[in-house]
Amino acid sequence: MQEFVEATSQAGDSSHLATARQRESQTRVINRAKELLADGTVARVLGWKAGDLPYNPEPAYFEKEEDFADFVYNGFCGANLSKYMIEASKLEGKTLVCLKPCDTYSFQELMKEHRVDRDKAYIIGVGCKGKLDIEKIKAMGIKGIKSISGAEIEDGAETLTIDTIYGEKTCSYADAMLERCHVCKGKDHVIFDETIGESKETNDGDRFTEVEKIEAMSPEEKFAFFQKELSKCIRCNACRNVCPACSCRKCVFDSNKFDSEQKANVDSFEEKMFHIIRAFHVAGRCTDCGECSRVCPQGIRLHLFNRKFIKDINELYGEYQAGADLEPRTPLTDYNVEDAEPGIVAERG
Amino acid sequence: MQRIGVFVCHCGTNIAATVDVKKVAEMALHEPGVVHAEDYAYMCSEAGQELIHKAIKEKHLTGLVVCSCSPRMHETTFRNAAEKAGLNPYMVEIANIREHCSWIHKDIEEATEKAVILMRAAIAKVNLDAPLKPGESHVTKRALVIGGGIAGIQTALDIAEAGYPVDIVEKTPSIGGRMSQLDKTFPTLDCSSCILTPKMGEVNAHPNINIYTYSEVESVSGFVGDFTVEIRRKARSVDMDKCTGCGVCQDKCPSKKTPSEFNRGLGTRSAIYTPFAQAVPNVPVIDRDACIKFKTGKCGICSKVCLAGAIDYDQTDEIVTEKYGAIVVATGFDMIKLDKYDEYAYSQSKDVITSLELERIMNAAGPTGGHLERLSDGKAPKEIVFIQCVGSRCADDRGKSYCSKVCCMYTAKHAMLIRDKYPDVNVTVFYIDVRTPGKNFDEFYRRAVEEYGVNYIKGQVGKVIPQPDGKLLVQGADLLDNKQILKEADMVVLAAAIEPNPDVRKIATMLTASIDTNNFLTEAHAKLRPVESPTAGIFLSGVCQGPKDIPETVSQAGAAAVKAIGLLAKDKLLTNPCTAQSDELLCNGCSQCANVCPYGAITYENKEVNDHGIREIRRLAVVNDALCQGCGACTVTCPSGAMDLQGFSNRQILAEVDAICR
Amino acid sequence: MKTEQKRAEMIKEISGVNPLKCMKCGKCSASCPSYNEMDIKPHQFVSYVINEDIESLAESKSLWKCLSCFACVERCPRDVKPGKLIDAARQIVVRERGRNYLLADEIPELVDPDTPQQLLVSALRRYRR
Amino acid sequence: MSIEKNEEFRPKIVAFCCNWCSYAGADLAGSSRMTYSADVKIIRVPCSCRVNPMFILRAFERGADGVIMCGCHPGDCHYTSGNYYARRRMTLLFSMLDYIGVESGRTRVEWVSAAEGAKFSETMHEFVDKITSLGKNVRLEDLRCRNL
Amino acid sequence: MKYSYFPGCTLKNKAVDLDHYARVSAEALGFELEEISEWQCCGGVYPLGTDEIATKLASVRALNDAKEHGQDLVTVCSACHHVIKRVNDDMKNVDDIRTRANNYMKLDEPYEGETTVLHYLEVLRDKVGFDELKKKVTNPLKGKKIGAYYGCLLLRPGKLMAFDDPENPTIMEDFIRAIGAEPVIYPYRNECCGGYISLKEEDMSREMCRKIEESAAGFGADMLITACPLCMYNLNKNNGDNLPVCYFTELLAEALGLKEEVDEQ
């Protein structure tokens, strides 16, 4: 019981609105992590630590007990930690990694590609009730945020209470959720050593609605739409760096293998080429984790490319979810004698 | 930087008439890396190759571009020429300015412009070429012959005699093929089965030959020297080891109404049957579609009368898997269907027959016991008309564009045999040309005219008009007399065109062997490599390659055997060096490439790498050069571009794209 | 270009036939129901065109004896279709003034009360400009 | 009515042909003297599965107006299955290009066997006509690549 | 089912009965022939010349009219059928003819061979079905031995007409069976009767008719049927009463029990 009290008091210092009840899940993760570190099962813990603002926690390693003072797990912990396991797999000893249900798909896909070592991972499947998009909150006109409550994992509340320099504001949790959580793959982890915390069904949309809308446009409209989206691209490579499927040691766009090494794009073609090729390279491997769109500083809806491929794959070659299993073949490394001919693209119009 | 020589071939006027070759050579000198350019009438000739040799030596060339015919034609020639001059043969690229340019364009300016662009693409590629060395692969010392006619029999015997094991796969229940259906053979008139049967016996007895009759090739994988073939042995319903070939089952079989394939449907056979008396193996099969036991469950007479207990109704198809170093295709031919030629009334009168049907009628073992008679009423014919070129030499899609080659001679044979045996029968032959190139062939035809009084009329037949009294009125032209002729006949014999066995398309697909518009297998070179398919390790024997008679077929069968023996005699083969190669520093070890490799040529190893000072053990793709065939499927699967194809590298193809779009 | 050469070219153009494809098998003459009425036989039409002797064709009876029954067209194995050449030659003759094979004055005496319109229409089209 | 053709515009067309079927088919078209437009330039690849989407995008970037890929008929691949993979890749790539607003007529896959010289020439006729009617590719070309 | 109908000159004048038979039979068989307004004569002969445009325009007009009505175009006369089908093929496949004909026609939308051209017999075979026809026959023509006379225009050129096997056709024999009679197959059924030249070369065409009739009679025919008014006229004229020649529509109407109705009109 001693540990519990201690943890509560620590947390209480950082946020006066939180209660021990609401922190139960985060505390359990911390306690279990400390336990496993202590008994030598794992050499380090991969989780999230609080950032300089109440809504920007970032991925971090925790190796010593005192490190856990900054450990957080709340609605803003959207970052998919599975990709960090590529590097963690090379380190001595096991790494404890906290994965949300959707992150486990990415981890399993990486396992399939021999990029992560299952034996080097201790997976705690953490519960999730949907992750939050600070941009959405800001878009509601909520500025000058001091602290946010209701974002904690165990909180049943449907609303967020935000303390701002202009006073207290509220908004519905669902309205502040990341787009990807509205089309959540499900609340079950596909791979884990143990799970902590409950997950919530947040799926209330169809992930292909937007794709279909674009498909219905005329070529001119389509072109204009993507021209507008992609002209915002600054080639910061954030999408590539965060993507668990984009795990090449060296990206083709950085090597001379295709004479394609480019640092900055000079005109509209290159953004298209970069994003089309990137989407093509991850086609059949992309789990639709949505990290690319989440991290894009320019707010480009990059998942529209990936989802187009996913939609085509589902329609042409049968329903497929990357990372759902360990079958080695993906839709693009497989075929069926009866597959549609490429002419179908023109036929569908 | 490479030092590139560009050689522009005139190909006589084939290229030079449409492409300004001088200008192409001149333009070459403006391209990066090009230090030498010249044009010549025939680059592939001895003199042309000498020019190349000289230029390599004098100008210290490191790469060559030959602007000429298709690389499928002379790439090897020029690579060998380069090698002789000390250049790595893979430093040669061909710009195809004949098949892809001069032969398809008419405007000189346009064709020249295109030739220059094709040349630029080749130069761009050579600039990125690297010397390559072929690897080695092993040879399975066993041959497969597909088809058990005279072509397959001869090929198998010759290979077996050289000491290599051979398997023959034959679709029908017996080997023998078309030749076993023939009565006599030209130009010597000896009996077909008298010369074929001993060979069939020899095949049967040969310790190196194994025959799979009533069997079909199911699948082929692998490559030259190392093919893996699945053979479906169809359920014979008769145990081959137990059967003594006594024939009682066939006599007693109550189902006797199936049209005999061997007699071209002119007679019938029993449900359990051997196609003909001298069949090899002399073991019957049960035609399950005709067998009462299989259709109704009742009967079983054959089983009751078989003293050897060989009948086995429960037999199922069996798949045999075998490895071969060489495969010889000898799938032969059939006659074309005549349903598009009903002006000759083939479907309207029983007395209009094909030449092959006449062979069966003339044969003592045939449906009429060798008596020449009308199939409609059994009467002896007095007037017989032969019509040549039925479906051969046709420009429209009713028939075949080629000359079937054997018809002139067998018709002369038929005419002579009939006149010899039935001197009171008049024989008329309507012909377009009589083609008799062959030893003693024209003499043979002249004998038919001079000694046997066969009436040859130059002109085609327009229509065969069946008369109410059963006679046939033949309306034809006599072009030399400039008359239209109406001739009454009792029998009309059509020299129907021959065509490759329809199954050959399926087989060619399995073998990935090329096939032409007429379904004849394509040879690697029409003149210089006539018994080899362009696909390595596949050889051609008999009519599957083009129309030919028995002597020619036997010659080609021997030639195909020699080529196969030459392959089997090698212990190692040099492999195509244009294989995939993985860049260790870029490889993610993700296994995507191994998923798509059709040859299982990619494996993974944990290897230590030094990545810019960082030493670590990585899981890396390793390509087995002996297994890799160079398709490139892996290269596209690899997102990082680690996997690349030598000789067709990413950068080379991009350079070609750039040169073309420039 | 000489007149005969021009006329031969014209026949080839109108008919769309390449006479060089002929292999002289005689199937057209063997099929022709009007063969015996013709002075230049169907298979000979081809060589007249090749040899650019169009005047002989123009003068020949055969032009008017051809039934346009297409038997030669149907059966020609070489895609030469002499019927088309004959028709083209007839066209040339009809187009050249004064060579109408059927005169308007003739018609009444050729016609009986049952003659179908079709016969008159087709005759006019075949024989006159 | 589209009787009049734009005589000025000569499209740049890149054709990727597999060595075993389509390249041989193009050879056959040549040896049979079947004409097609000189605007088509062929790049020989061992198999249709060697064609990387990068090549196609690069061609467009460098000013190609149309790209066609030819391979052995499904089931006839010299390497047994290469064209099946190519078929999926090209289907998805073309669908993506269509999705971002590049006319689907600018890309095409045609299976041409070594015996189909006539089909090769007809296909090229059709494709050149199609590209000519679509006009210059302005949507993907990188203007810096153009020779001015 | 409604079809555009091109009656043709002869069936509109000298042989109106044949047209009436066709129409009442169609009605009984459940389809309707809607006559094209202001159709013009097809000319009776297909203008073989590739440079002849004006003579093809009447056919193009009819074809375009059918296209505008969204209907297939049906003819009863084999000459009209032949001419219109071949012109249609030109419009579909010959660029030069299509372009020039369209330039003449000045239509809102160019005609490019979209219409399907059917002979009445094809409607019976492919749309109604001979089995269906057989069921509707009320007055089967039992015991009649009928020779089908095809002539040339229906069948040739075989590839273009795509009507039946040009050397061994079966459609009219199947028709004869469907109306309850017995077909007689004889080799001259697809030989020309010389109809086109009967105006100027009477002797020739008489001789050709003689051969046809001898052949048919030799194989036991009591009568002939044709699908071409010119063949019918020519055969009847040269044959006297030995072997009556009928139009197929007449027998069809008779077998459907409608002949008297038409004859009374």
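Here the structure is a predicted model, which means the values were calculated and not measured. So you know, we letter chains A, B, ... as the sequences are listed, proteins then strands, and number each from 1. Values reported hereafter were calculated over all heavy atoms of this structure, with side chains retained and with hydrogens, waters and symmetry mates removed.
Taken to the nearest 0.5 Å, the CE atom of M23(C) stands 6.0 Å off from the SG atom of C389(B). Interatomic distance, CZ of R393(B) versus SG of C25(C), reported as 8.0 Å (0.5 Å rounding). Rounding to the nearest 0.5 Å gives a distance of 9.0 Å between CD of Q44(C) and CG of L479(B). The line from SG of C32(C) to NZ of K463(B) is 13.5 Å long, rounded to the nearest 0.5 Å. Taken from SG in C28(C) to CD in Q460(B), the straight-line distance is 10.5 Å, to the nearest 0.5 Å.
Of all the heavy atoms in A477(B) and G26(C), the pair that sits closest is CB-O, 3.4 Å.
Applying the salt bridge (charged side-chain N to carboxylate O under 4.0 Å, His left out) criterion to K350(B), with sequence neighbours excluded, gives no partner residue.
Judged purely by atom type and a 3.5 angstrom limit, Q484(B) has no side-chain atom pairing as donor or acceptor with the backbone of N36(C).
Only the side chain of K41(C) comes within contact range of chain B, with heavy atoms under 4.5 Å apart.
The candidate from I485(B), N482(B), V474(B), D396(B) with the greatest count of non-hydrogen atom pairs under 4.5 Å with chain C is N482(B).
Of residues 65-76 of chain C, those residues with a non-hydrogen atom less than 4.5 Å from any non-hydrogen atom of chain B are, in numerical order, E74(C), R75(C), C76(C).
More than 12 non-hydrogen atoms from other residues, nucleotides or ligands lie less than 6.0 angstrom from CD of E4(C).
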